[in-house]
S.K.: 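One structure coming up, written as C-alpha cells, with questions to follow.
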Amino acid sequence: QVQLVESGGGLVQAGGSLRLSCAASGRAFSGYVVAWFRQAPGQEREFTAGINWSSGRTYYADSVKGRFTISRDNAKNTVNLQLNSLKPEDTAVYYCAADWAPNIIWTMTRNYDYWGQGTQVTVSS
C-alpha cells in the first residue's frame, strides 16, 4: 500500500511560480510511475506531467510543456512539480498519483491505483 501526500499549493499571481511536492509512505517509488493530474471546477481530471522513477524519463501535457518541470528526489522519496509562468487557466486542484509501471508513463486516471488528497493551486490575473 502506498500513501501519497501533496503539499505546496497556494495563491499566486499570473506569471508567478509554485513548487508542489508528493511524498510517499508505505514503500519506495522504485519501479513506479508517478504523475501529477489536475482538476478544475466542472472539468475532468487531466494528466499534467509524469515521471518514471526507475528511468527518470518524463512526459508532459502540451498545455504545460516548457513551463512545468517534474523531478524526483531519491533521498526523500518525493516527486516535485515546479510550476513556472503560471496562468489563470492553471487554476485547479492538483493530485499526485502513482502505480507500478517500470517502463511506461500512464496518462489516464484509470491506470493509477494510488492517489493523494490534492492541493489547491489558484492563479489570479
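Along the sequence shown, residues carry numbers from 1.
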S.K.: Walk me through whether Asn80 and Gln82 qualify under side-chain hydrogen bond (donor to acceptor under 3.5 Å, both in side chains).
M.R.: CA-CA 6 Å; Asn80 301 310; Gln82 179 69 37; over 6 Å; no
S.K.: Measure the OG-CZ distance between Ser85 and Arg67 for me, rounded to the nearest 0.5 Å.
M.R.: 7.0 Å
S.K.: Would you check if the side chain of Asp90 reaches a backbone N or O of Val123 as a donor-acceptor pair within less than 3.5 Å?
M.R.: no
S.K.: Nearest heavy-atom pair of Ala49 and Leu81: which atoms, and what distance?
M.R.: CB-CD1, 4.0 Å
S.K.: If we check side-chain contact (heavy atoms from CB on, under 4.5 Å) with Phe68, which of these qualifies: Leu86, Thr58, Leu20?
M.R.: Leu86
S.K.: Please say which of Arg45, Gln120, Gln117 ends up in a side-chain contact (heavy atoms from CB on, under 4.5 Å) with Val93.
M.R.: Gln120
S.K.: In Å and rounded to the nearest 0.5 Å, what is the SG to CD distance from Cys22 to Glu6?
M.R.: 5.5 Å
S.K.: Which heavy atom in Gly116 sits nearest to a heavy atom in Tyr95, and how many Å separate them?
M.R.: O-CD2, 3.7 Å
S.K.: Can you confirm whether Tyr114 is buried at OH, in the sense that more than 12 heavy atoms of other residues, nucleotides or ligands lie under 6.0 Å from that atom?
M.R.: yes
S.K.: Got Ile51 and Val33 here, is their nearest side-chain heavy-atom distance under 4.5 Å?
M.R.: no
S.K.: Can you tell if the side chain of Tyr32 reaches within under 4.5 Å of the side chain of Val2, non-hydrogen atoms only?
M.R.: yes
S.K.: May I ask you to check whether Asp73 and Thr78 show a side-chain donor-acceptor distance below 3.5 Å?
M.R.: no
S.K.: Whether the side chain of Tyr112 engages the backbone of Trp106 through a donor-acceptor N/O pair (distance < 3.5 Å, no angle test) should be reported.
M.R.: yes
S.K.: From Leu83 CG over to Thr69 OG1, what is the distance, rounded to the nearest 0.5 angstrom?
M.R.: 9.0 Å
S.K.: Could you check if a side-chain atom of Trp115 sits within less than 4.5 angstrom of a side-chain atom of Leu4, using non-hydrogen atoms only?
M.R.: no
S.K.: Do Val121 and Leu18 touch side chain to side chain, with heavy atoms closer than 4.5 Å?
M.R.: yes
S.K.: Look at Asp62 together with Lys65 and state whether they make a salt bridge at an N to O cut-off of under 4.0 Å.
M.R.: yes
S.K.: What distance do Glu46 atom CD and Phe37 atom CZ have between them, rounded to the nearest 0.5 Å?
M.R.: 9.5 Å
S.K.: Which heavy atom of Ala35 sits nearest to which heavy atom of Phe47, and what is that distance?
M.R.: CB-CE1, 3.9 Å
S.K.: Which heavy atom in Ala14 sits nearest to a heavy atom in Ser125, and how many Å separate them?
M.R.: CB-CA, 4.4 Å
S.K.: Below 4.5 Å, heavy atoms only, C-beta onward: do Arg72 and Trp53 meet side chain to side chain?
M.R.: yes
S.K.: Where do Ala101 and Asn52 come nearest, in terms of heavy atoms and distance?
M.R.: O-ND2, 2.9 Å
S.K.: Distance from Ser21 atom OG to Lys76 atom NZ, nearest 0.5 Å?
M.R.: 8.0 Å
S.K.: Below 4.5 Å, heavy atoms only, C-beta onward: do Ile70 and Val79 meet side chain to side chain?
M.R.: yes
S.K.: Does a side-chain heavy-atom distance below 4.5 Å link Arg38 with Val64?
M.R.: yes
S.K.: For Ser17, is there any backbone N or O sitting under 3.5 Å from a side-chain donor or acceptor partner on Asn84?
M.R.: no
S.K.: Could you state the interatomic distance from OG1 (Thr48) to CD (Gln39), rounded to the nearest 0.5 Å?
M.R.: 11.0 Å
S.K.: Taking side chain as C-beta onward, heavy atoms only, is Asn74 less than 4.5 Å from Phe29?
M.R.: no
